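Following: one structure in C-alpha cells, then a few remarks.
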Amino acid sequence: MEERARIPYSPSDVETKWQRIWEDRGTNAFTLEELRSAGNRYYQLMMFPYPSAEGLHVGNIYAFTGADVHGRYRRLLGHTVFEPIGFDAFGIHSENFALKQGIHPMDLIPSNVANFTRQLRRIGGMFDWNHTVDTTDPKYYAWTQWLFIQLFNAGLAERKEAPVNWCPSCMTVLANEQVIGGRCERCDTPVEQRRIAQWFFKITDYAQRLLDNLDHLDWSDSTLKAQRNWIGRSEGAELHFPIVGREERVEVFTTRPDTVFGATYMVLAPEHPFVDLVTTDEGREAVEAYRTEAQRSDLVTRQKADKTKSGVFTGGYCRNPATGDNIPVWIADYVLMDYGTGAIMAVPGHDERDFEFATAFDLPIVRVVAGPGEDGGTPLLEAYVDNQAGTMVNSGRFDGLGVPEGKTAITDWLEAEGLGKRQINYRIHDWCISRQRYWGPPIPIVHCEACGPVPVPEDQLPVVLPRVEDFRPDDSGISPLARVEEWYKTSCPECGADARRETDVSDTFLDSGWYFLRYPSTDFDDRALDPEITQRWLPVDCYIGGNEHAVLHLLYSRFLTMALAELGHVDFEEPYDRFRAHGLIIREGAKMSKSKGNVVIPDPIIEEYGADTFRTYLMFLGPFGEGGDYREAGIQGPYGFLHRLWDTVVNSASGEDHPSGSVADPDVERKLHQTIAQVTGQLADLQYNTAIAAMMEYLNAVRAGGREAARAEVEPLVVMVAPFAPHIAEEMWERLGNESSIFDHAEWPAYDEDKARESDVQLAVQVNGKLRGTVSVPAGADQQRAEAAARAEPNVARFLDGSQVRRVIHVPDRLLNFVVG
RNA sequence: GCCGGGGUGGCGAAAUCGGUAAACGCAGGGGACUUAAAAUCCCCCGGGCUUCGGCCCUUGUGGGUUCAACUCCCACCCCCGGCACCA
C-alpha cells in the first residue's frame, strides 16, 4: 500500500470550526418566520439550570447531552427540532451566595450567565440562542407577574394567614415541601412555626385532575408514582361528633368509618379552633401549657414519628355517633392541623398511633374488627390494622360484615342519620408562593385600605425589582423590600388613594413553572404567549430532567398549564407529553461534592479530549436513566473510538485512490444493518450506552485485520454517531464530499431487514440444561435438522450415549435441549 | 417505617416476553510492526481442575417453580434516592 500522510484528528480545531459555522449559518437558531412555519415539529426540552458562580457541572452536562442526543437524533430523522435553554437565576441560592461574597445578585448573575453561555456553547448542544430566557430579566418576569395576575383574577390566588415554616437561620419562610425532615432544605437548621399572611395558589382545586391526567402521560413509572403519592388521595368519610353540652360538633376525617364503634376517645390538634370550646375549667391550665409548648416546639420534634406520644385531656366529651357513648376529648401534637379536619376519632384497636397513645394514657381499647381465627373477645396485643381481611365485631347490627362492606354500610347509615358523609381527602397542600426575600419578582399587588389587594394593571408591568444594596433578611420576618419606602409607597390603581405595594417576592418554582411556554414566544414583548406559535410548538414532546424535580416542579408546571388552559391562554392542559428522568453521575464510586473536592470540572477535560469525546463518554458510562460512575481512565475508550473512526473515514475514504466506490463486504453490510436496527431503537428509548457499544462493535468489524473501509460502510456510521459527537461528524461528513450540515441534509440510515439477516446461526446444544456444545445451522432450521446437527457434535453425542432421550426442547435459532433420563 | 431504584469479573457495565452469563469499554498480560515511542493490528484476561478433548463452580443470601432462572415466586441481607404521626 502506498504511504499517505495521515490527517490527524484535532478535536479543538474541529470543534471551534463547527461551532463557528453553526453560529454563522444559524444552524440551530429559529427565526420568527421559521417558528411560524415549521412542520413536523419536535420540542426537545431540558430542565434549565441555575447559573451558579462555579459554572456548569457534569450533572448539567450529562443531562443536557442526553437531551441533546435525542434532539439531534430526531432532527436526523427529519423533525424540525426546537431545543432551547435558559437560566433559572432567581432564588435563595443566588441571594445567599451574593450575601456571602458581598456581590450584588444584579452584578453576579449576568457574569454567571455569560460564563454558562460560554460553557454551554462549548459542549456542542443544539441550543437556539435566539430563544433563551433568564428569569431575572424584567422582560421575562413581567410575564411571570402577568401569570400571577391571571390566577389572581381567576380566584386561584388567595391571601391567607397560615402557620408557616420559619427558618431562623435563613430568616425566611419555607414551603412545606422545602422542609426536609423538619429541617431547612438549604441550611439544615431546624424549622420553627410562625403565622404570616401569604399568597397561595389553589392547586388543591385541581388535585383530582392532576391525578387523573397521569394515566395518559408517557412518563417514567417512578415519576408517575411519586406524583400520585404526593397528591395523596384517600377515600373515607367525614363524621360528626357532637360536643357534649354544646351546639357545635367536631368533624373528623377517617378512612376507616367501619371502626367507628371502636372510637373510644377524640384528639384535636393543639391549634384546633374548638380546643377552647371543649376545654373545661379543670382542664384549662394543662391545655394552655400544652398548647404553648406545642407552638414553641419546632416542626422537627413536632413531626418525629418515633417520638413518644404526648397530650392532655381537655376535660370535655363528645358523643360517639355510633355507640352514643360519651368519649373524652384530648389534644395531642400527633394530630396535625393541616391534614383533614385537624381532629380525629381515635380507634386504638385498629390504628397504631392511637394504640400507642391509648396505652400511654390508659384509655380504653376496644376490638371492632376480628382477623382470621379471632372473635370479638380476642385480646388486642397490638393494633389490628388490616383493612381488607377481617370481620366487624362489637359493632351492633354491623357485626359479621367484612371490612370493605362495613365501610360502605356504616357510611350509608351515618349519612342517612345526618352524622357524616362520604369524603375524599388529598395530602397535597395549596402552594405558598410568597417569599419574604429580595431576589425574586415582586408580587404585582397593591394593598389599598379601601379596595384591599388590587392587582397592578397589566400595562404597568413589570413591577421592577429595585436595586437595593442592603437586602439582608432580618429577624423581623418582613421582606427586605418593606424597608424601601420610596419603592413600596404608591397609589391605588383603583381609587388613587395612598397605597402600599406588596413587598414579598414570589417563589422560584413560579418562574420555572412556565418557562417552557415562553421559549417559543420570546420574539414578542407585547404578549406572554403568542397563540399561533404556542399552538404550533406545544406541548413539549420530550422533557428530560432530574428526578429530584419529580414532584414539585413537574406538579406546579402541570397546575399552571391546567389553569392557563382553563383561562383560554393555551389549548392543552398537560405540558409535557413525555418525561424521562436521568440518573446521577458519581465519581470513582463516590458522590461528588465541593467539600470532598472530587467534582469533575468540564473545561480541562474538553481541552484535553474535546467535547465530542466528553459527550460520548458521559453517554457511554452507564444507562442514561440510572447515571453511572465517572472514572478518569474510562474516557480513553470513547476517545480511541472517535480517533479510529476519524482515521477510518478521513484517511481511508477521502483520498482519490480509496475504495469508496466499492461494494460493501456482505459480512460487514450485515453487521451494519444489525447496528442500524439497534442504534435506531435505542436512541428512541434513550438507551445510549448500548447504542454506543453497538457502534464500537461495528467499527471494530469494519477495521478488523486492518482492512480498508468502503464509503458505504462508514457513511451511515458517521450519521449515527452524529448525535453523540456532532462536531467530528460534521467534519467527516464534509470530508466525504457533502456541502451542507449533516443535521440539515443527512438522512438517518435505513434499516434493511433482509440485509441484516444471518444465513447461519450458532445453536446452543444442551443436555439436561447444561451446555455441551454449539453447532452452526442454517437460520430457521427446523427441529429435525437442528437435532441431526446436534447429535453429530462429538461432545453432545458423548453425553447422549447410553441414555434415553425423553424430550427435546427446540427454540429455533437459539437452543436445543435434550432431556435424558 | 413506607415508596422507588439497585446488588453480575480487578473496574464501568451487557443480557430480564426464562433459552450459550459477562457484549462494549477501562485497567492488566503477551505478540506483530517500529531505530524507539505513540498509533494500529492479533491473542489472553471470573474461579478451580484438566489426560488440553473437556469437566465442575459462579449473577447479594437461603429456599421454590421449570427441561432450562441474572430474569419468575417466597423469605432475608446490604447500598442509593425520595417521603415520613396524612387519621
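Worth saying up front: this structure is predicted, and the values here are computed from it rather than measured. Below, chains carry the letters A, B, ... as their sequence lines are ordered, and counting in each starts from 1. Hydrogens, waters and symmetry mates play no part in the numbers below; they use all other heavy atoms, side chains included.
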* Report yes if a side-chain nitrogen or oxygen of A:Asn795 is closer than 4.0 Å to either non-bridging phosphate oxygen (OP1 or OP2) of B:C55; otherwise report no. => yes
Looking at A:Asn229, I'd like to know whether one of its side-chain N or O atoms comes within less than 4.0 Å of OP1 or OP2 on B:A84. no
A:Asp333 atom CG is separated from B:A84 atom P, nearest whole Å, by 17 Å
(Q) Base, sugar-phosphate or nothing for A:Thr774? Non-hydrogen atoms, less than 4.0 Å. (A) base
A:Leu815 has its side chain closest, among B:C42, B:G25, B:U20, to B:U20
_Work out how far the C1' atom of B:C74 is from that of B:U66, and round it to whole angstrom._
16 Å
Is the distance from OP1 or OP2 of B:C67 to the nearest side-chain N or O of A:Arg807 less than 4.0 Å? yes
Exercise. What does A:Pro623 touch in the nucleic acid at a heavy-atom separation under 4.0 angstrom: a base, only the sugar-phosphate, or nothing?
Worked result: sugar-phosphate
With a cut-off of less than 4.0 Å, is there a side-chain N or O of A:Lys225 near OP1 or OP2 of B:C3?
no
Dot-bracket for RNA chain B, 5' to 3', Watson-Crick and G-U pairs with both distances under 3.5 Å, [ ] for crossing pairs, | for partner on another strand, reads (((((((..(((......[....))).(((((.......))))).((((....))))..(((((..]....))))))))))))....
Assigned chi class of B:G53 under the 90° convention is syn
Could you check whether A:Tyr426 and A:Gln208, counting side-chain N and O atoms only, form a donor-acceptor pair closer than 3.5 Å? yes
In whole angstroms, the gap separating P of B:U20 from CZ of A:Phe818 amounts to 17 Å
Discussion item. Within the 4.0 Å heavy-atom criterion, would you say A:Gln762 contacts the bases, only the backbone, or no part of the nucleic acid?
Written reply: base
Answer yes or no: does a side-chain N or O of A:Arg427 lie under 4.0 Å from OP1 or OP2 of B:C83?
no
Q) Using a cut-off of 4.0 Å on non-hydrogen atoms, how would the nucleic acid contact of A:Gly705 be classed: base, sugar-phosphate, or nothing? A) sugar-phosphate
### Query
What does A:Asn689 touch in the nucleic acid at a heavy-atom separation under 4.0 angstrom: a base, only the sugar-phosphate, or nothing?
sugar-phosphate
Quiz item: Expressed in whole Å, how much space separates the C1' atoms belonging to B:A87 and B:C78?
Solution: 34 Å
B:G31 glycosidic conformation (syn if within 90° of 0, otherwise anti) is anti
Exercise. If only side-chain N and O atoms of A:Arg798 are considered, is one of them under 4.0 Å from the OP1 or OP2 phosphate oxygen of B:G53?
Worked result: no
Point to revise | Distance, P atom - from B:G18 to B:G82, rounded to whole angstrom | key: 34 Å
Out of B:U40, B:C55, B:A14, minimum distance to the side chain of A:Phe799 belongs to B:C55
**Asked** Is there a donor in the side chain of A:Glu251 and an acceptor in the side chain of A:Thr341, or the other way round, less than 3.5 Å apart?
**Response** no
A:Asp430 and A:Thr204: side chain donor to acceptor below 3.5 Å = yes
TODO: Establish, from distance only, whether the side-chain atoms of A:Ser234 and A:Tyr339 form a donor-acceptor pair under 3.5 Å.
DONE: yes
Among the nucleotides B:C86, B:U20, B:C41, whichever has the atom closest to the side chain of A:Leu336 is B:C86
Give me the distance, rounded to whole Å, that separates B:C24 from B:G9 when you measure between the C1' atoms they each carry. 14 Å
Report task. Please find out if less than 6.0 Å separates the ring center of A:Phe361 from that of A:Trp330. Result -> yes
A:Asn700 has its side chain closest, among B:C26, B:C67, B:G25, to B:G25
Taken to the nearest whole Å, CD/A:Gln636 to P/B:G28 is 10 Å
- Query: B:C3 phosphate, OP1 or OP2: any side-chain N/O from A:Ser222 under 4.0 angstrom?
  - Reply: no
Notebook entry, point to check: With the threshold set at 4.0 Å, does a side-chain nitrogen-carboxylate oxygen contact exist between A:Glu697 and A:Lys671?
Noted result: yes
Rounded to whole Å, CZ of A:Arg814 lies from C1' of B:A21 at a distance of 12 Å
Name the orientation class of the two ring planes belonging to A:His582 and A:Phe624 (parallel below 30°, tilted from 30 to 60°, perpendicular beyond 60°). tilted
Against the side chain of A:Thr255, the closest entry in B:G12, B:A87, B:C26 is B:A87
Atom CD of A:Gln766 and atom C1' of B:A69 are separated, to the nearest Å, by 12 Å
* To do: Look at the side-chain N and O atoms of A:Arg644 and state whether any lies under 4.0 Å from the OP1 or OP2 oxygen of B:U40.
  => yes
Classify the side-chain pair A:Thr616/A:Tyr688 by whether it contains a donor and acceptor separated by less than 3.5 Å.
-> no
Check: If you measure from the Lys or Arg side-chain nitrogens to the Asp or Glu carboxylate oxygens, is any gap between A:Glu713 and A:Arg707 under 4.0 Å?
Finding: yes
Separation between the C1' atoms of B:C85 and B:G81, rounded to whole Å:
23 Å
Atom CG of A:Asp801 and atom P of B:G53 are separated, to the nearest Å, by 21 Å
- prompt: Okay, side chain of A:Tyr617, backbone of A:Asp612: is any donor-acceptor separation there less than 3.5 Å?
  reply: no
Between A:Tyr339 and A:Gly627, whichever has its closest RNA chain B nucleotide further toward 5' is A:Gly627
Whichever of A:Glu697 and A:Thr690 has the more 5' nearest nucleotide on RNA chain B, that residue is A:Thr690
Q. Using a cut-off of less than 4.0 Å, is there contact between a side-chain N or O of A:Lys591 and OP1 or OP2 of B:G81?
A. yes
Atom CD of A:Glu382 and atom P of B:G1 are separated, to the nearest Å, by 14 Å
(message) With a 3.5 Å distance limit and no angle check, can you tell me whether A:Asn768 reaches the backbone of A:Val820 through a side-chain donor-acceptor pair?
(response) yes
Report yes if a side-chain nitrogen or oxygen of A:Arg772 is closer than 4.0 Å to either non-bridging phosphate oxygen (OP1 or OP2) of B:A68; otherwise report no.
no
Of the listed B:C57, B:C24, B:C11, the closest approach to the A:Lys770 side chain comes from B:C57
Practice task
Would you kindly say whether A:Glu235 and A:Gln423 are connected by a side-chain donor-acceptor distance under 3.5 Å?
Solution key: no
Q) Heavy atoms under 4.0 Å, any strand shown: does A:Ser234 hit a base, just sugar-phosphate, or nothing? A) sugar-phosphate
task: Could you tell me whether A:Ala633 contacts a base, only the sugar-phosphate backbone, or nothing, with contacts defined as non-hydrogen atoms closer than 4.0 Å?
output: sugar-phosphate
Whole-Å distance, A:Arg233 CZ to B:C86 P, equals 19 Å
query = If you measure from the P atom in B:G7 to the same atom in B:G12, how many Å do you get, rounded?
reply = 12 Å
Closest to the side chain of A:Phe620, out of B:G12, B:C85, B:C67, is B:G12
Item checked: B:G28 versus B:G10 - spacing of their C1' atoms, nearest Å -> 9 Å
For this session: Considering only atom P, compute the distance from B:C11 to B:U59 and round it to an integer number of Å.
Result: 16 Å
Winner on side-chain proximity to A:Asn817, out of B:C67, B:C85, B:A13, is B:C67
